[in-house]
Amino acid sequence: MKYTTETIPSALKPGDYFMMGDEASAEGAVAAGCRFFAGYPITPTSELMVHIVKRFEEVGGKFIQMEDEIGSVGAMVGASWAGGKVMTATSGPGLSLMMENIGYAAMTETPMVIVDIQRAGPSTGQATRPGSGDILQVKYGSHGDYEIIALSPWSVQEMYDLTIEAFNLAEAYRAPVFLLADEGVGHLRENFTVKGEVEVYHRPKAKGLPPFDTGDEDMIPPMPAFGEGEKLLITGSTHDEWGYRKTQVSAVHDRLVKRLVNKIRVNAGKIHRWEAHFIEDIEYLVVAYGISARAALKTVMDLRKEGIKIGLWRPITIWPFPEEALKEAAEGVKAVIVPEMNHGQLVREVERHLSVPVHPIAQVDGEIMRPETIDIRYLILDI
Amino acid sequence: MNHPLEKYLRMEVFPSPFCSGCGHGILLSAVLRAIDGLGYSMDDMLFVSGIGCAAWIPSPHFAADTLHTTHGRAVAFATGAKLQNPNLKVMVISGDGDIAAIGGNHLIHAARRNIDLTVICANNSVYGMTGGQLAPTTPLECFTSTSPSGNTEPPFDLCKLVEGAGAGYVARFTVAHIHMLIKSIKAALEYEGFSFIEAVSPCPTQFGRMNAVPSPVDLINMLKKDFVSMAKYNKMPLEERGSLKPIGEFVKPDVRKSKAG
Amino acid sequence: MNVMFCGFGGQGIVLAGVILGKAAVFDGLNAAQAASYGSEARGSACRSEVIISKGQIVYPHIERADILGVMSQQGYDLFQEKLKEDGILFYDDSIVQVKDEVPFEQVGIPATELAIKEFDKRIVANIIFLGAVVGRTEIVSMEALEKAVRDNVPEKFLEVNLRALEIGLKMG
Ligand code: SF4
């Protein structure tokens with residue numbers, strides 16, 4: 001069933017602002033109609049929580065600092081089913097704790113937005129340093145099969161814009177959506193523009209229809225709220241279209257898991273967003289995301305001045321991965337270079353879809369990706 | 001004639017999955033009789049539960065909004081729902097392993113916040129669903145599948161724990177004291193703040209069998225013998241108390257107020 | 001225009017960068033500011049980078065600075081190599097000892113000394129320092145800078161900070 005849309009005046013006065021990425025994301029949430037936040041302090045993300053508390057006091061919103069990140073996502077599920085647009089924000093160590101209830105949210109098709117400001121891991125790692133080591137965790141971190149959506153901002157402007165989009169996608173597809181940022185963008189301050197109006201989506205609603213499978217082609221069932229007299233049965237166990245536990249029925253499990261996966265996959269074309277820079281007539285393609293993509297763009301621009309035919313392709317939607325767009329961008333290139341602030345995560349996805357040589361560049365020193373890290377002249381001479 | 005509680009139930013899911021002689025069936029009806037007595041509408045209620053036998057008391061039996069959550073997290077889920085929609089009457093029903101072991105942290109923090117939830121912990125001193133393992137509520141020396149030579153860890157006194165954490169209403173009753181239990185559930189629902197009831201409910205299948213009291217009738221009789229009223233318990237000399245446990249309302253709204261004052 | 005401030009945590013180094021960035025945005029320019037500091041909030045080395053540009057800012061970190069402001073000896077020793085040869089180095093001469101043999105221009109600002117003398121508040125040294133840098137280089141307008149200070153300083157301390165700014169601007 002299709003979501004509904006509404007154009008509302010933006011919560012902030014339209015104009016240019018200078019804020020930290022974490023704060024701009026909180027502003028995006030408020031603009032998108034989020035009025036519930038449950039969280040737990042963590043570096044480098046706490047600024048988002050602090051900012052949204054301040055804004056909720058102005059616009060009216062429910063905030064709770066939970067006892068841990070497990071509880072945060074639990075409270076979000078409860079609040080989402082009570083009708084709210086809900087958010088939390090964390091970083092790697094908190095994300096690891098959240099995985100249990102993120103799986104529950106995927107299973108129960110509960111809309112929510114989780115901001116992950118990635119820092120250098122594993123474990124406590126480097127709390128104040130950037131990383132992008134959660135790329136695979138957000139998709140595969142909870143057990144079993146399901147699909148989530150993850151967006152990767154590379155600027156403070158996108159911290160604002162993509163947070164709004166994350167809420168809209170969560171409402172449209174009834175799934176957990178990640179704003180998968182990194183410390184480099186989360187702690188960066190930049191000017192960004194707030195437009196006068198915001199288009200917001202609302203989850204599909206209908207009375208008397210099964211909330212977990214209507215047989216509709218788009219595979220998105222309507223979502224009533226608690227207190228509306230629908231006598232909802234919500235469970236993380238295998239359930240039929242009305243929510244009755246059917247843990248021993250193979251056909252029900254099969255249908256449910258396939259729908260959870262396919263409702264994102266069949267709609268992937270509508271979800272995908274990416275950006276290409278200088279990709280006409282190129283020999284080399286850099287694939288980069290987040291703050292690394294800005295270092296990559298700098299390198300690409302410098303190398304092009306030297307006559308090297310190189311371009312940049314940046315997935316904005318990390319999951320579901322926009323593979324068709326990548327294939328098109330990489331058409332006929334000699335090699336693809338994938339710089340990441342991890343030891344090679346998204347590069348696996350890139351390799352999976354291309355038949356040209358793909359070179360990972362891993363910068364895992366806890367520093368912001370440096371343009372010189374991506375200087376691939378040595379590679380070009382080799383090829 | 002229909003059973004008077006039928007209107008609160010999804011009759012199509014019966015018979016219930018509980019073993020014969022399980023205390024949870026009695027607790028189920030006690031909750032509904034309390035709601036019936038208060039005249040609450042099930043449309044205003046939200047029942048939240050975790051994982052385990054007791055979590056199945058509301059889900060799917062109750063004809064109301066039910067949220068059957070992950071193991072131990074029911075109180076956190078309930079917190080979010082109540083905060084988002086304060087008009088909901090939110091009740092958590094789950095077992096002792098769920099609420100006091102894996103979910104212990106959520107329990108004490110909800111009590112500390114004194115958020116308006118009613119938590120009923122069905123305490124059977126054991127993990128029933130997974131095969132009779134040791135719980136944080138298993139009495140000393142009792143046998144479970146993971147304490148085959150007898151439990152050596154002292155159990156939690158859940159009521160003291162929750163009282164210490166700041167709950168505004170705290171009580172313990174057993175399914176063998178059904179009228180007191182129903183009265184207590186009513187009081188808990190009426191209290192605007194965090195209310196907690198430890199509802200002692202026997203598990204013949206796992207706990208009874210391993211501790212040589214497999215008969216449900218014996219188990220109920222044991223509850224009647226082992227649990228004494230708070231007044232009586234407090235008057236007893238220490239050496240007479242032995243393994244007896246008090247039942248009653250340990251924290252009531254006015255009591256707490258006078259304590260704080 | 002790439003500006004880098006270095007000092008200790010607690011000196012308001014990050015705030016100086018934030019105010020400068022915001023002032024640039026008030027002037028209708030693009031700005032990016034990034035900080036780096038130790039995990040302890042106070043007492044360790046810290047750095048604030050500001051890029052100001054008419055055009056798009058591609059990479060928001062500084063490779064070579066046009067202006068380097070140092071309020072600690074360690075900042076001077078570590079980061080002077082980041083300064084372009086035709087850049088300007090500002091230093092708090094109550095804290096930093098500079099070398100003579102350097103290719104770039106060095107400008108001493110007695111920010112901390114003045115902050116203590118005029119206000120009995122070491123904490124406003126950053127604003128005096130920032131004022132001097134802007135007064136000398138005019139990378140942002142005075143009006144925008146003042147507006148940015150107003151935007152970032154709590155009401156209670158506003159007057160002191162505005163006076164500190166004025167002292168700095170005059171000195172630059
Ligand atoms: S295992 Fe025990 S607690 Fe579970 S249903 Fe059976 S008797 Fe009841």
Side-chain angles (χ1 to χ4, degrees), chain A residues 35-38 40 61-86 88 97-105 107-108 110 112 142 211 224-237 239-240 242-248, chain B residues 7-10 12-13 17 41-51 55-56 58-90 92 102-113 115 117 129 165:
Chain A
R35 294 293 182 275
F36 183 97
F37 189 102
Y40 188 86
K62 308 282 174 72
F63 170 81
I64 187 163
Q65 188 170 316
M66 290 300 284
E67 49 276 11
D68 57 32
E69 287 89 345
I70 304 171
S72 298
V73 182
M76 284 162 77
V77 172
S80 189
W81 279 97
K85 290 189 177 177
V86 303
T88 194
L97 286 180
M98 287 179 178
M99 277 303 157
E100 176 192 38
N101 286 334
I102 287 170
Y104 182 93
M107 183 63 149
T108 52
T110 307
M112 61 170 56
S142 203
F226 293 142
E228 292 178 350
E230 292 287 300
K231 304 196 189 309
L232 290 164
L233 268 176
I234 302 160
T235 178
S237 301
H239 49 273
D240 68 11
W242 291 101
Y244 285 100
R245 276 195 301 280
K246 294 279 163 66
T247 55
Q248 305 300 320
Chain B
K7 60 178 181 211
Y8 299 109
L9 293 163
R10 299 178 203 258
E12 69 274 21
V13 297
S41 159
M42 286 298 251
D43 281 351
D44 301 329
M45 302 280 315
L46 167 64
F47 295 92
V48 189
S49 61
I51 296 294
W56 285 3
S59 168
H61 301 104
F62 289 0
D65 288 330
T66 64
L67 182 59
H68 176 242
T69 71
T70 44
H71 192 22
R73 317 302 173 202
V75 173
F77 282 61
T79 298
K82 179 69 190 182
L83 190 61
Q84 173 66 27
N85 182 356
N87 296 324
L88 295 169
K89 269 262 152 214
V90 183
V92 174
I102 186 167
N105 200 30
H106 307 303
L107 176 71
I108 56 174
H109 285 277
R112 171 181 64 81
R113 291 181 188 114
I115 183 165
L117 301 176
M129 192 177 269

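Order of the sequence lines sets the chain letters (A, B, ...), proteins ahead of strands, with each chain counted from 1.
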*Asks:* Grab the two heavy atoms, one from B:Pro60 and one from A:Arg245, that are nearest each other, plus how far apart they are.
*Replies:*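 Where B:Pro60 meets A:Arg245 most closely, the heavy atoms are CD-NH2, 3.4 Å.
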
*Asks:* Please tell me if the side chains of A:Lys231 and B:Arg10 come closer than 4.5 Å, counting only heavy atoms from C-beta onward.
*Replies:* yes

*Asks:* Quick check on B:Pro86 against chain A: is it the side chain, the backbone, both or neither that has a heavy atom closer than 4.5 Å?
*Replies:* side chain

*Asks:* Quick one: what part of B:Val75 sits under 4.5 Å from any heavy atom of chain A, side chain, backbone, both or neither?
*Replies:* neither

*Asks:* So which part of B:Leu46 gets closer than 4.5 Å to some heavy atom of chain A, the side chain, the backbone, both or neither?
*Replies:* side chain

*Asks:* So which of B:Ala110, B:Gly103, B:Ser59 has the biggest tally of heavy-atom pairs under 4.5 Å with chain A?
*Replies:* B:Ser59

*Asks:* Who wins among B:Thr66, B:Asp43, B:Leu67, B:Asn87 for the most heavy-atom pairs under 4.5 Å with chain A?
*Replies:* B:Thr66

*Asks:* Tell me, out of B:His109, B:Lys82, B:Met42, B:His106, who's got the most heavy-atom pairs with chain A below 4.5 Å.
*Replies:* B:His106

*Asks:* Which of the residues A:Gly236, A:Ser237, A:Gly227 is involved in the greatest number of heavy-atom pairs with chain B at under 4.5 angstrom?
*Replies:* A:Gly227

*Asks:* Taking the six-membered ring for Trp, is the centroid-to-centroid distance between A:Tyr104 and B:Phe77 below 6.0 Å?
*Replies:*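 So the answer is yes for these two rings.
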
*Asks:* Going by the side chain to side chain contact (heavy atoms under 4.5 Å, CB included) test, name the single residue among A:Thr235, A:Asn101, A:Ile234 that passes it with A:Thr108.
*Replies:* A:Ile234

*Asks:* For chain B, which of A:Gly229, A:Pro224, A:Ala225, A:Gly74 has the most heavy-atom pairs under 4.5 Å?
*Replies:*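 Result: the option with the highest number of such pairs is A:Gly74.
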
*Asks:* Does any donor atom in the side chain of B:Thr79 or B:Arg113 lie under 3.5 Å from an acceptor atom in the other side chain?
*Replies:*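 Side-chain D/A pair, B:Thr79 to B:Arg113: absent.
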
*Asks:* Provide the closest heavy-atom pair for A:Val86 versus A:Ala79 in the form atom of the first, atom of the second, distance.
*Replies:*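 Shortest heavy-atom contact: CG1-CB, 3.7 Å.
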
*Asks:* Specify which of A:Ala75, A:Gly83, A:Gly103 makes the most heavy-atom pairs with chain B at under 4.5 Å.
*Replies:*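 Most heavy-atom pairs within the cutoff with chain B belong to A:Ala75.
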
*Asks:* Check each atom of A:Phe37 against the heavy atoms of chain B and say whether the ones under 4.5 Å are side chain, backbone, both or neither.
*Replies:*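 Neither part; nothing is under 4.5 Å.
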
*Asks:* Tell me, out of B:Asn85, B:Val90, B:Asp44, B:Thr69, who's got the most heavy-atom pairs with chain A below 4.5 Å.
*Replies:*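 If we count pairs closer than 4.5 Å to chain A, B:Thr69 comes out on top.
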
*Asks:* So for A:Met76, is it side chain, backbone, both, or neither that comes closer than 4.5 Å to the heavy atoms of chain B?
*Replies:*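 A:Met76 has no heavy atom closer than 4.5 Å to chain B.
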
*Asks:* Is the closest side-chain donor-acceptor distance between B:Trp56 and B:Ser49 under 3.5 Å?
*Replies:* no

*Asks:* Side chain, backbone, both or neither: which part of B:Leu83 has an atom under 4.5 Å from a heavy atom of chain A?
*Replies:* both

*Asks:* By a 4.5 Å heavy-atom criterion (distance strictly below it), what part of B:Ala63 contacts chain A: side chain, backbone, both, or neither?
*Replies:*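 Both parts, heavy atoms under 4.5 Å.
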
*Asks:* Is the shortest side-chain heavy-atom distance between B:Ile51 and B:His68 below 4.5 Å?
*Replies:* yes

*Asks:* Step by step, work out the side chain to side chain contact (heavy atoms under 4.5 Å, CB included) result for B:Ile108 and B:Asn105.
*Replies:* CA-CA 5 Å; B:Ile108 56 174; B:Asn105 200 30; 4.0 Å; yes

*Asks:* Give, for atom NZ of B:Lys89 and atom CG of B:Asp65, the distance between the pair rounded to the nearest 0.5 Å.
*Replies:* 15.5 Å

*Asks:* Pick one of side chain, backbone, both or neither for A:Tyr244, based on which atoms fall under 4.5 Å of a heavy atom in chain B.
*Replies:*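 Side chain only.
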
